Amino acid sequence: MGSDEQLPERAGVEAAAERAAAPAAWRKWSTRLLPWVAAGVAALAILGKYPPGTIASEMSEGDLFAMIPYGVALLGVGILIVSSSDYAIVRGLAASPGLSLPSFSQVVRARAGMSLLGVIGYGAGVGGLGVWIARVTGCTVGLASGGVLYLMSADLVSVSLVTSLSIWIGVVDVAASLRIGAPLLALVLLALKLGVFEGAVDRRALPAVLRPWALISRGRALSIVALRTVNIGWLTLCSWGGAQAFGLDVPLWAWAAVFPVVLLVGSMPVNVAGFGAVQGAWLLFEPWARTGEQVLAFSLLWQLLCLVGVLLRGAPFVGSVFRDVGVTVERPIQPIFDEDVFD
């Protein structure tokens with residue numbers, strides 16, 4: 001009787017514990033709404049200074065069709081560069097016996113298909129790629145999540161390094177927090193990737209989400225960061241060509257110095273589908289433009305062009321990617337930290 005009487009009480013305690021562990025509804029919704037609110041506030045502030053009618057007039061004067069080849073080149077070559085670094089990460093994760101290694105072409109298709117989720121936000125795109133990695137390789141969700149974090153940190157390292165160079169050569173005037181924070185962030189993340197702190201932590205004791213930093217070798221880590229940096233260079237060159245075609249005549253050296261800052265601000269969770277606070281960063285090109293409205297007009301058209309391109313590029317692969325996600329590897333998964341992984 002005593003044990004039967006305790007069952008409802010125990011169930012109530014367990015339910016209360018589950019409710020306590022679950023994230024509060026307000027916290028969940030505030031996280032989801034933050035980018036939209038921030039983007040809206042930024043848009044209102046910008047439009048209060050730069051009249052929408054003038055921006056629309058500048059858009060009509062620009063040559064949209066001349067911009068298209070640069071957008072095609074950006075998306076066509078860029079997917080191969082980014083997928084190469086993604087493939088290097090997946091190879092590191094799949095090094096343990098019992099896991100499956102997808103082909104490079106599968107990674108390209110997955111990156112293209114999951115880029116559609118990136119239209120919603122950067123986190124959605126890489127999060128979808130993490131689900132794909134877990135399903136296709138057969139690794140744990142924790143390890144796949146770690147792979148996504150490794151990928152995101154590689155992006156941060158490369159864009160922070162390039163942005164730091166732009167800031168310190170004196171072309172871009174930015175806040176002191178960004179002047180100090182960008183190189184500091186890049187150096188810390190790069191040091192972690194190269195295993196500078198490796199002796200301070202027992203790598204076997206690392207949680208799954210941090211194991212990619214132990215599984216991926218220093219040489220591979222450098223190649224991943226190098227490929228991400230090459231991608232930034234490609235983005236810079238193609239966007240500059242698009243600006244020239246539009247009629248925004250900014251010297252290449254100035255574009256190369258300022259555009260990494262635009263990328264850095266664009267990666268922050270204060271934008272939606274590439275629109276928001278990043279438009280304020282685009283205005284750093286105003287000294288070389290006819291007007292600020294011309295810069296905003298190009299930024300809006302360029303973002304729309306890239307958005308349409310991402311949708312067209314990813315649409316043919318959505319079906320195959322979703323089929324991959326629906327398939328699990330039916331074989332026992334060996335411990336991630338087998339000795340031969342590190343030998």
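Throughout, numbering of the chain's residues begins at 1 and tracks the sequence. Remember, it's a predicted structure, so these values are computed and weren't measured experimentally.
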Task: Verdict with reasoning, R91 to D86, per salt bridge (Lys or Arg N to Asp or Glu O under 4.0 Å) - done: CA-CA 9 Å; R91 282 179 63 89; D86 292 343; over 6 Å; no

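- L264 is listed as a side-chain neighbour of S160, based on a closest heavy-atom distance under 4.5 Å.
- Contact annotation: the side chain of I79 approaches that of R313 to within less than 4.5 Å [non-hydrogen atoms, C-beta and beyond].
- Counting only heavy atoms from C-beta outward, the side chains of P212 and L149 never approach each other to under 4.5 Å.
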Open item on the list: ring-ring contact (aromatic ring centres under 6.0 Å, His included) for W132 and F322? Distances and angles first, verdict last.
Closed with: CA-CA 8 Å; W132 181 85; F322 281 1; over 10 Å; no

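- Residues L75 and C306 approach most closely at CD1-O, 4.0 Å, considering heavy atoms.
- V82 and F259 are not part of a single hydrophobic cluster, where members link through side-chain heavy atoms under 4.5 Å apart.
- Of the inter-residue distances, the one linking L307 atom CG with S115 atom OG reads 11.5 Å to the nearest 0.5 angstrom.
- How far CG of L215 is from CG of L210: 11.0 Å, rounded to the nearest 0.5 Å.
- With Q106 contributing its side chain and V321 its backbone, the two residues share no donor-acceptor pair below 3.5 Å.
- Between T140 and A134, the shortest heavy-atom contact is O-CB, 4.4 Å.
- Note that CZ of R220 and CG of L222 are 12.0 Å apart. Values are rounded to the nearest 0.5 Å.
- Judged as a ring pair (Phe, Tyr, Trp, His ring centres under 6.0 Å), the pairs with a partner in residues 97-116 (not counting sequence neighbours) are, in order, Y87-F104.
- With L93 as reference, L143 is the one residue of L99, L101, L143, T137 to meet the side-chain contact (heavy atoms from CB on, under 4.5 Å) rule.
- The side-chain heavy atoms of W282 and F298, taken from C-beta on, include a pair separated by under 4.5 Å.
- Atom CG of L235 is separated from atom CG of L74 by 5.0 Å, given to the nearest 0.5 angstrom.
- Cluster membership check: W302 shares its hydrophobic cluster with I232, using side-chain heavy-atom separations under 4.5 Å among Ile, Leu, Val, Met, Phe, Trp and Tyr.
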- [ ] Evaluate the side-chain contact (heavy atoms from CB on, under 4.5 Å) criterion for residues V295 and F285: first the C-alpha distance (whole Å), next the side-chain angles of each, then the deciding distance (0.1 Å), finally the verdict.
- [x] CA-CA 7 Å; V295 176; F285 289 113; 4.2 Å; yes

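- Residues V148 and V141 are members of separate hydrophobic clusters, defined by side-chain heavy-atom contacts under 4.5 angstrom among Ile, Leu, Val, Met, Phe, Trp and Tyr.
- Here the closest non-hydrogen pair linking S158 and R228 is OG-CB, 3.4 Å.
- The two residues M59 and A297 have their closest heavy-atom pair at CG-CB, 3.4 Å.
- Listed by chain and number, the hydrophobic cluster partners of L312 are V308, where partners are ILVMFWY side chains within reach of under 4.5 Å, directly or through others.
- Nearest approach of I133 to A144, heavy atoms of both residues: CG2-CB, 4.3 Å.
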Extract all donor-acceptor atom pairs below 3.5 Å that involve side chains of residues 47-56 and protein atoms in other chains or at least two apart in sequence.
| from | atom 1 | to | atom 2 | distance (Å) |
| --- | --- | --- | --- | --- |
| Y50 | OH | E286 | OE1 | 3.0 |

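- Residues L248 and Q294 approach most closely at CD1-OE1, 3.6 Å, considering heavy atoms.
- Not a single donor-acceptor pair under 3.5 Å links the side chain of S83 to the backbone N or O of L80.
- In this structure, the ring of W213 has its center less than 6.0 angstrom from the ring center of Y150.
- I224 is listed as a side-chain neighbour of I216, based on a closest heavy-atom distance under 4.5 Å.
- Taking the side-chain hydrogen bond (donor to acceptor under 3.5 Å, both in side chains) definition, one finds that T229 meets it with nothing, sequence neighbours left out.
- Q303 contributes atom CD, which lies 10.0 Å from atom OG of S239 (distance to the nearest 0.5 angstrom).
- Not counting sequence neighbours, the partners of R290 by the salt bridge (charged side-chain N to carboxylate O under 4.0 Å, His left out) test are E58, E61.
- In this structure, the side chain of R109 does not engage the main chain of S320 through any donor-acceptor pair within 3.5 Å.
- Looking at heavy atoms from C-beta onward, D324 lies out of side-chain contact with R135 at the 4.5 angstrom threshold.
- Sorted by first and then second residue, the side-chain hydrogen bond (donor to acceptor under 3.5 Å, both in side chains) pairs with a member in residues 66-78 form an empty list; sequence neighbours excluded.
- Ring pair W288/W253 is perpendicular by interplanar angle, where above 60° counts as perpendicular and below 30° as parallel.
- With 3.5 Å as the limit, one finds no donor-acceptor pair spanning the side chains of T236 and W255.
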- [ ] Check the pair L300 / Q279 against side-chain contact (heavy atoms from CB on, under 4.5 Å), numbers first and verdict last.
- [x] CA-CA 8 Å; L300 293 172; Q279 264 63 51; 4.2 Å; yes

